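The structure appears right after this line, and notes come after that.
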Amino acid sequence: MLPKLTYFIKIADERSFTRAAKALFVSQPALSKQMKKLEEEIGFSLFNRSIKGVELTSKGQAFYEDIKPLFAQINQTVDRYKKFDQIRFGSTPILSTYFLPGYYEQLQYSNVHVTAIREDSLDLVPQLNSHEIDAAIVQNTPAIEGMYSTFLFSEPFVAAIPVSLSLANKKEVTLEECFRYTQIIPPTGYLSEQVRGLLNDHLFEGDVLETHYLGMGGLVSLGIGIAYLPKMMADAIEQKGVAFLPLKGEPLGREMYLHTNSEALLSLLSASFNHR
């Protein structure tokens with residue numbers, strides 16, 4: 001039906017089968033035949049034909065006004081997709097594992113390829129600036145000079161607690177309760193800085209162990225201490241010996257922003273991440 005609708009819009013624009021046929025490079029009889037088929041499919045007449053030319057019926061006019069903006073949007077979307085042969089995308093291990101897969105169907109049509117992985121998303125900023133990558137999701141960074149940016153989503157961190165602790169039986173926990181135990185945090189990055197700041201505020205005097213994100217859950221499962229993980233990660237995994245509980249008041253969280261090197265690319269990727 002899509003070609004017939006395209007023909008219909010062109011005839012309505014031109015108010016003439018003859019001019020529309022010429023613009024579409026089809027014969028006028030063939031165009032008339034397609035319109036007759038379209039009217040049979042939708043169940044109402046689109047045109048009033050007379051010696052003066054072609055006029056839309058009242059229902060045809062309403063139909064035209066409804067579908068023409070949709071076709072304009074489709075054409076704009078096609079144009080955006082055609083502009084990019086390959087989009088080099090920067091990500092983190094967690095985003096690549098727990099966030100991007102939910103959008104792969106949309107992203108593959110945009111020729112998005114993850115070409116850079118960094119443990120901390122802030123480490124992707126220099127690669128954006130040097131044009132080694134075309135786009136990236138960076139946490140807690142609303143704007144990057146020279147880049148086009150938009151907010152994507154926010155998420156809290158949850159507490160990863162050994163099931164051997166009675167604390168694991170609660171529905172939610174407070175930071176004060178968690179700070180009674182050894183803390184397991186990444187060596188660097190936003191989460192490390194955020195937790196260390198809170199530990200200083202609470203005059204924490206216990207032990208702090210450092211390991212990478214993907215190793216924190218393992219230490220928790222051994223009963224060594226408490227860690228904090230992004231909710232998207234906690235929602236996707238089941239780790240023996242670990243209970244994932246929300247933190248009361250969500251004191252730990254992050255905001256994620258999409259950054260691209262062109263406005264057209266920002267529009268394309270924003271549409272992909274907003275469509276599931």
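From a predicted model like this one, the values you see are computed outputs, not experimental measurements. Numbers here are sequence positions counted from 1.
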Kindly give the heavy-atom pair with the smallest separation between A159 and L247, and that separation in Å. CB-CD2, 4.0 Å
Could you name each residue pair satisfying ring pair (Phe, Tyr, Trp, His ring centres under 6.0 Å) that touches residues 229-268, not counting sequence neighbours? F151-Y257
Do T92 and S121 get their side chains close enough for a donor-acceptor pair, meaning under 3.5 Å? no
Under a 3.5 Å cutoff, is there a donor and acceptor pairing between the side chains of D13 and Y64? yes
To the nearest 0.5 Å, what is the distance between CD1 on I224 and CG on L219? 4.5 Å
With a 4.5 Å heavy-atom cut-off, do S154 and M256 have their side chains touching? no
What salt bridge (charged side-chain N to carboxylate O under 4.0 Å, His left out) pairs are there with at least one residue in residues 219-230, not counting sequence neighbours? none
If you round to the nearest 0.5 Å, how far is CG of L229 from CD1 of I94? 7.0 Å
Spell out, yes or no, whether Y190 and F99 are grouped together once hydrophobic residues are joined by side-chain heavy atoms under 4.5 Å, including indirect joins. no
Nearest-0.5 Å distance that lies between atom NZ in K22 and atom OG1 in T18: 10.0 Å
In terms of heavy-atom contacts, V242 and A160 come closest through CG1-CB, 3.9 Å
Pairwise salt bridge (charged side-chain N to carboxylate O under 4.0 Å, His left out) hits with a residue in residues 124-150, at least two apart: R88-D134
L269 and its side-chain contact (heavy atoms from CB on, under 4.5 Å) partner, picked from I137, L152, L258: L258
Could you walk me through whether L199 and V208 pass the side-chain contact (heavy atoms from CB on, under 4.5 Å) test, one step at a time? CA-CA 10 Å; L199 291 174; V208 177; 4.0 Å; yes
Determine whether the aromatic ring centres of F153 and F273 lie less than 6.0 Å apart. no
State the OG1-CG distance between T97 and L214, to the nearest 0.5 angstrom. 7.0 Å
Can you tell me which residue pairs pass the salt bridge (charged side-chain N to carboxylate O under 4.0 Å, His left out) test with a partner in residues 250-263, sequence neighbours excluded? E155-R254
Please check: side-chain N/O of R15 versus main-chain N/O of A12, any donor-acceptor pairing under 3.5 Å? yes
Of all pairs that satisfy salt bridge (charged side-chain N to carboxylate O under 4.0 Å, His left out), the ones with a partner from residues 160-187, not counting sequence neighbours: K170-E177
So, does T141 use its side chain to make a donor-acceptor pair with the main chain of Q139 at under 3.5 Å? yes
Applying side chain to side chain donor-acceptor pair (under 3.5 Å) as the test, list every pair that has at least one member in residues 216-235; sequence neighbours left out. Q183-Y228, K231-D235
Between L100 and S91, does a side-chain contact (heavy atoms from CB on, under 4.5 Å) hold up when you go through it step by step? CA-CA 9 Å; L100 293 180; S91 184; 3.7 Å; yes
Heavy-atom pair of closest approach, residues Y181 and I226: CD1-CD1, 3.7 Å
Report the residues that fulfil salt bridge (Lys or Arg N to Asp or Glu O under 4.0 Å) with E65, sequence neighbours left out, ordered by chain and then residue number. none
Taking the hydrophobic residues Ile, Leu, Val, Met, Phe, Trp and Tyr, and joining any pair whose side-chain heavy atoms are under 4.5 Å apart, which ones share a cluster with V163? none
Roughly how far, to the nearest 0.5 Å, is the CG atom of L265 from the CD1 atom of I87? 5.0 Å
Taking the side chain as every heavy atom from C-beta outward, state whether Y103 and V112 have any atom pair closer than 4.5 Å. no
Going by chain and number, the hydrophobic cluster around L203 (ILVMFWY, side chain to side chain under 4.5 Å) further includes none
Mind listing the closest non-hydrogen atom pair of P186 and E210 along with its distance? O-CG, 4.4 Å
Step by step, work out the side-chain contact (heavy atoms from CB on, under 4.5 Å) result for L191 and I185. CA-CA 7 Å; L191 176 62; I185 62 174; 5.8 Å; no
Any pair counted as ring pair (Phe, Tyr, Trp, His ring centres under 6.0 Å), so long as it reaches residues 1-22, sequence neighbours left out: F8-F47, F8-F63, F17-F47
I need the Y104 OH to S272 OG distance, nearest 0.5 Å. 13.5 Å
Minimum heavy-atom separation for S149 to P142, with atom names? CB-O, 3.3 Å
What are the two closest non-hydrogen atoms of A168 and A243, and how far apart are they? CB-CB, 3.9 Å
Carefully, step by step, assess L95 and M232 under the rule side-chain contact (heavy atoms from CB on, under 4.5 Å). CA-CA 9 Å; L95 289 174; M232 69 170 65; 4.0 Å; yes
Tell me if a side-chain donor or acceptor on R118 pairs with a main-chain N or O of D123 at a distance below 3.5 Å. no
L124: hydrophobic cluster co-members (side-chain, 4.5 Å): L122, V125, L128, I133, V138, I144, M147
Only pairs at least two apart or in different chains count here, so list each side chain to side chain donor-acceptor pair (under 3.5 Å) that has a residue in residues 29-46. K4-E41
